[in-house]
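This report concerns only the one structure given below.
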Number of protein chains: 2
Amino acid sequence: MTSEPNLLAVIQRQLSELNKSESKVAHAILNAPEEATRLSIASLASAAGVSEPSVNRFCKRFGATGFPDFKLQLATSLASGVRYVSRAVEFSDDINTFPVKLFNNAITALMTAKEDLPLKAIARAVDQIAQARRVYFFGLGTSAAVARDAEHKFFRFNVPVFTHEDPLMQRMLAASAGVGDLFFFISHTGRTKVLIETADIVRQTEASIVSLTAEGSPLAQKSHCCINVTVEEDTEQYLPMTSRLVQLVILDVLAAGVTLRRGEGFTPHLARIKDSLKDTRFPTS
Amino acid sequence: MTSEPNLLAVIQRQLSELNKSESKVAHAILNAPEEATRLSIASLASAAGVSEPSVNRFCKRFGATGFPDFKLQLATSLASGVRYVSRAVEFSDDINTFPVKLFNNAITALMTAKEDLPLKAIARAVDQIAQARRVYFFGLGTSAAVARDAEHKFFRFNVPVFTHEDPLMQRMLAASAGVGDLFFFISHTGRTKVLIETADIVRQTEASIVSLTAEGSPLAQKSHCCINVTVEEDTEQYLPMTSRLVQLVILDVLAAGVTLRRGEGFTPHLARIKDSLKDTRFPTS
DNA sequence: CGGCTTTTGTAAGAATATTACGAATAATGC
DNA sequence: GCATTATTCGTAATATTCTTACAAAAGCCG
């Protein structure tokens with residue numbers, strides 16, 4: 001499965017290097033991609049104003065074995081949700097375009113992350129969490145919200161979980177750590193100074209560090225176990241959006257892992273927690 | 001574009017109602033879906049141990065106009081990333097299966113939401129946020145983390161933003177609201193009593209209510225503008241996972257909307273905020 | 001067991017895609 | 001500016017793939 005990012009983008013990019021009839025075909029396809037997947041070679045040829053073999057040659061030029069194969073690839077790359085060649089939101093966008101773009105970005109980020117999950121690290125992290133006496137989730141900025149989310153998930157496992165957004169609190173807790181304590185750091189960049197300083201403090205104790213951050217970053221280097229999330233995101237220009245989504249799903253994965261670890265006997269406990277919320281809600285009509 | 005969720009799932013579901021040769025074809029396809037998209041009708045027929053017309057009839061039974069059309073649909077639904085028929089994590093799952101399942105669930109949730117975005121409500125919400133004098137993001141439980149995330153996003157727009165997880169604080173702030181205040185409620189169910197009571201309090205003031213919640217829920221009914229997120233999720237049995245992802249992306253959409261609204265002249269302001277963080281990080285090597 | 005319906009395969013036919021080849025066009029050299 | 005060559009393109013034949021019509025087989029009920 002050669003994961004050519006997006007056939008349409010490839011065509012778009014090579015547009016200038018195509019000869020006359022090939023470029024006619026290219027335009028016909030770019031104008032109505034989804035329709036092209038349904039057309040026969042004859043229909044597409046006439047729509048583009050060229051002959052059938054020209055269409056066939058076009059397909060082969062782009063790596064397909066023939067027209068049917070090309071249609072298949074086209075359909076696949078359309079379905080991947082990454083329809084739009086340009087991913088970034090621009091000021092010319094309107095309500096009909098930018099929401100879809102953002103959703104597509106989020107979807108591709110998750111799909112990319114899915115392809116390359118650090119399963120070993122995840123398994124190890126599940127181990128550590130399942131055995132920990134206490135777990136601290138620390139993040140700053142956007143990652144603080146992720147940490148908060150993690151807290152809401154993990155407290156259900158009978159493990160005392162703590163979150164603090166205040167760096168000073170984080171430091172003090174780090175300093176008073178001991179055996180069985182687990183510090184779970186969340187950071188997109190892995191370069192936030194105060195967070196790394198806190199990690200340094202933890203390293204002087206018997207506690208262990210798991211982090212969800214960028215590969216090879218200073219924070220990653222200080223961790224006993226690091227779950228790498230490599231989401232390429234233009235953080236310089238835009239706000240981090242997709243990376244935190246990936247982080248959240250990874251935390252879901254960890255939570256599920258701990259649940260599985262606890263075994264089926266644990267479900268009643270989870271059910272009890274659920275039930276405790278029942279009276280806080282209006283019943284469904 | 002009839003968004004049939006997933007062809008494989010449909011086949012799986014109808015498996016028991018198929019006759020002998022149809023079920024042979026079904027199994028052949030379910031065993032090797034991606035290969036089936038590349039096979040000719042003759043190859044698939046022999047792989048399944050049936051005749052070509054049987055395969056053809058099978059295709060028509062599932063809504064395709066013929067075999068090529070079927071292959072197209074199959075390719076499309078495979079590309080959507082939702083390869084696995086069973087969505088729920090089971091106790092028999094191991095590290096190789098459940099992370100992928102969870103990612104797939106997240107991806108489909110976003111894709112489904114994308115298909116049916118309430119653009120009008122989003123546009124209205126952007127209007128309201130852009131004009132508001134103050135914005136309060138209120139949520140409880142998991143949604144509190146989402147609210148926190150929203151706070152981190154929206155403060156950049158020079159609009160005073162507030163989040164509080166404490167229901168009592170939420171009530172008091174609601175009571176002291178006035179013209180130009182905007183209360184943004186986030187709730188998966190839309191049925192949380194304390195949150196709805198707070199909404200009631202807001203309604204007695206001049207402030208307005210925007211909510212991100214389930215369609216038709218009590219909370220939705222009390223809102224001036226409601227962004228419906230219909231994520232079908234078994235909240236009774238599992239923790240809400242996918243719904244909050246959709247909520248987060250919707251908030252990204254709103255943030256992007258406000259940015260576009262502010263116009264290009266606003267980018268320097270955003271850049272300044274970015275820059276302010278520079279010294280908190282270790283430089284990239 | 002015999003008539004009925006349903007299911008399935010055979011074989012012919014239609015549609016579709018591919019290849020080979022030659023004509024047209026453009027490019028290069030003199 | 002003309003001849004030569006290379007590239008591009010379309011026609012037509014061929015091969016492949018799909019669909020349909022029909023009949024045989026299998027299952028069902030009296």
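Just so you know, these numbers come straight off a predicted model, no measurement behind them. Residue numbers begin at 1 in each chain, while the letters A, B, ... track the order of the sequences.
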### Query
Strictly under 6.0 Å, is that where the ring centroids of F58(A) and F67(A) end up?
no
### Message
Would you say that T65(B) contacts F70(B) through its side chain, given a criterion of any heavy-atom pair below 4.5 Å between the two side chains?
### Response
no
### Query
Looking only at heavy atoms, what is the nearest atom pair of V246(B) and A109(B), with distance?
CG2-O, 4.1 Å
### Task
Would you name the heavy atoms of C225(B) and A125(B) that are closest together and state the gap between them?
SG-N, 4.0 Å
### Task
Please list, in 5' to 3' order, the outermost nucleotides of DNA chain D lying under 4.0 Å from any heavy atom of chain A.
dT8(D) to dT11(D)
### Task
Between protein and nucleotides 7-19 of chain C, map the contacts as a letter string: B base, S sugar-phosphate only, - none, heavy atoms under 4.0 Å, written 5' to 3'.
SBBB------SBB
#### Entry: Side-chain ion pair, E22(A) and R61(A), N-O less than 4.0 Å
yes
### Query
Taking NZ, NE, NH1 and NH2 as the nitrogens, is one of them in D252(A) or R244(B) under 4.0 Å from a carboxylate oxygen of the other?
yes
### Considering all heavy atoms, the nearest L245(A)-L245(B) contact
CD2-CD2, 3.9 Å
